[in-house]
Every structure is written in structure tokens, then in C-alpha cells.
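Supplied in C-alpha cells, the structure appears directly below.
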Amino acid sequence: MASAVAFGNVKALRAKLEDALRRLGPHPSRTADDEAATHAALAGWRHRVYRGEDLACLVVGARRVQRAHGSLGARFEADLRREGALRPALASFVASLRDAGGLGDAARTRRGAAHLLADPAGASACKRLMLFLRWMVRPADGVDLGLWDVPTSALLIPVDTHILKLGRNLGLTRATGPTWRAAEEITRALAALDPDDPVRFDFALCHMGMSQRCPSRRDPVRCEGCGVRTVCRHWPRPAAQPG
Ligand code: SF4
């Protein structure tokens, strides 16, 4: 739920998620076994374009996939084994979630339902899905949860405006928008530093971009203290030290 609706201001988003979780009660997965009760609990909930009924479809669908496969991770792991590549595996996983809870049908009439889960077959970087995968797959470190048996080398970095800016400024991609290609290029460049876990740099890069309010140009005030200034394309490279 958190990754699916991860748009906008974090404070507002947290409040909305806390409200949704409170409505679903102490055991959201058990509530999700009852489709009508889940829709009733989330009726009236809203965040940006998303409505309670969209979230209810997602939660019910996720629970049905979980019941059918043992866990969401088991379903995705099977998708990845069968397809052999992230994109078609994720497309299959998303389709299963959409179909199981009625999100696919709702998407024909409601914008929020259509946007709740991105389409991996499209051009988008699917940032929120990549964020979800990062949480599930990367080892538990206080941010990620490490619950799924999927190699971290299979992940792509979640590309938002901060990652795209830094990716361009550091010469990791030339993409001008948050596309799947941008995610692949940035991840490939980061894999030169850590081929087994290129996405581990995501949190640091994203938060650097946010706190620095990166201007994407040489700005002595805003670039002051930026940790990647020595390799930023907007600044001259420092002269090599003799010896
Ligand atoms: S040095 Fe400035 S332009 Fe370059 S990445 Fe840092 S904040 Fe952005």
C-alpha cells in the first residue's frame, strides 16, 4: 500500500497510510479476506487520485495472490524464474494483483485505479514498483526488509526526479525523463561500483538530491557541501594530485 500510493509530501502520505491502516484494523491481511468488509472500511479514504475503493481492490487482490501462492514473494519469484527477466516477470506479477482484486476492471473507469500499479510493459520507470521490490528484496538494513528470495542484482533503481537529476549530473544517463531506459542506464552505471547490489546507492543518492535541492547547474550556494560535486558534470574536475 505504501509504495503504491507513494506520491507527494511524505507527511501527508504518512497520515493517509496511518488512516488506511487504522481502518483495516490490527490484521489487515485478515480483513482483506472479506472483500465487502475491506471496501466498507476504506470507503471515503482518498489520497491524490486514489480512492478507498482502489486501495481496497489492491489489498483484496494482494491477499488472494498471497493465499494462492503462499506469499507475494513466492508468486514474484516464480514469475522471475519463468520469465528470466525483470520486466516480463513484474508485468505478470502486476497483472495477477490487478486481476485478483478487481483493480483491472476498475482501471477502465477510474484514473486512480489505473495508476495505482504502473504498467511495466510501458515506457515508465515504474518507480513505485521498483521501490516496493527494493524494500522486499534488499537485505534488512533498517530501510529495506529483505523478505524475498530474489537476487539484488536483478533490481532496477527507482527513478524519481531526484535520482534522474543526479543520474544526469553524474553522467550515469542521458535520459531526459523517468523512463525504464533511464532506470536501466543508471543501474548499469552503478553496477560498475557494485555488480551484486547496484540499487544499494538509491537511498543515499535520493536523499542527497532532496536535501541538496540540486539545481542541476553550477550554483556555489546550493552546491556547497554536495557530496558528489567532484564528479558532477557542472563543475570542473579537481586537478590530479602529483605522486
Ligand atoms: S554539485 Fe550541484 S548541480 Fe552537481 S549534483 Fe551536487 S547539487 Fe547538483
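We use all heavy atoms of the structure for the numbers below, so side chains are in, but hydrogens, waters and symmetry mates are not. Because the structure is predicted, anything quoted here is derived from the model rather than measured. Every number for a ligand or one of its atoms is a count from 1 in the order of the listing.
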| query | If we only count heavy atoms from C-beta on, is the H162 to H207 side-chain gap below 4.5 Å? | reply |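 No. Closest side-chain heavy atoms not under 4.5 Å.
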| With atoms numbered from 1 as shown, which atoms in ligand 1 lie under 4.0 angstrom from a non-hydrogen atom of C232? |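 In order of number, 1 (S), 3 (S), 4 (Fe), 5 (S).
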| With a 4.0 Å heavy-atom cut-off (strictly under), which part of L166 contacts ligand 1: side chain, backbone, both or neither? |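 Side chain only.
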| Side chains of S92 and R82: donor-acceptor distance under 3.5 Å anywhere? |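 Note: S92 and R82 side chains meet the donor-acceptor criterion.
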| task | Would you mind running through ligand 1 and noting each atom that sits below 4.0 Å from a heavy atom of C223? | result |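 Ligand 1 atoms under the 4.0 Å threshold to C223: 1 (S), 2 (Fe), 3 (S), 7 (S).
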| task | Check whether any side-chain heavy atom of L55 lies under 4.5 Å from a side-chain heavy atom of H47, and answer yes or no. | result |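 They are not in side-chain contact.
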| request: Could you tell me whether any N, O or S atom belonging to H234 is less than 2.8 Å from atom 2 (Fe) of ligand 1? | output: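 Here the distance criterion (N, O or S atom, under 2.8 Å) is not met by H234, so no.
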| Should the ring pair F132 and W148 be called parallel, tilted or perpendicular, given that the plane angle runs from 0 to 90° and is split at 30 and 60? |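 Plane angle over 60°, so perpendicular.
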| request: Check each atom of ligand 1 against the heavy atoms of W235 and keep those under 4.0 Å away; list them by number with element. | output: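 Matching atoms, with element in brackets: 1 (S).
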| said: Residue-level breakdown please: for R217 versus ligand 1, do any non-hydrogen atoms fall below 4.0 Å on the side chain, on the backbone, on both, or on neither? | reply: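 The backbone, only.
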| message | If the cut-off is 2.8 Å, does any N/O/S atom of C214 fall short of it from atom 8 (Fe) of ligand 1? | response |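 So C214 does bind atom 8 (Fe) of ligand 1 by this criterion.
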| request: Kindly indicate whether the side chain of W135, heavy atoms from C-beta on, has any atom under 4.5 Å from the side chain of L147. | output: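 They are not in contact (no side-chain heavy atoms under 4.5 Å apart), so the answer is no.
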| said: Cation-pi check for W45 against R51: NZ or CZ below 6.0 Å from the six-membered ring centre and within 45 degrees of the axis, yes or no? | reply: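 No.
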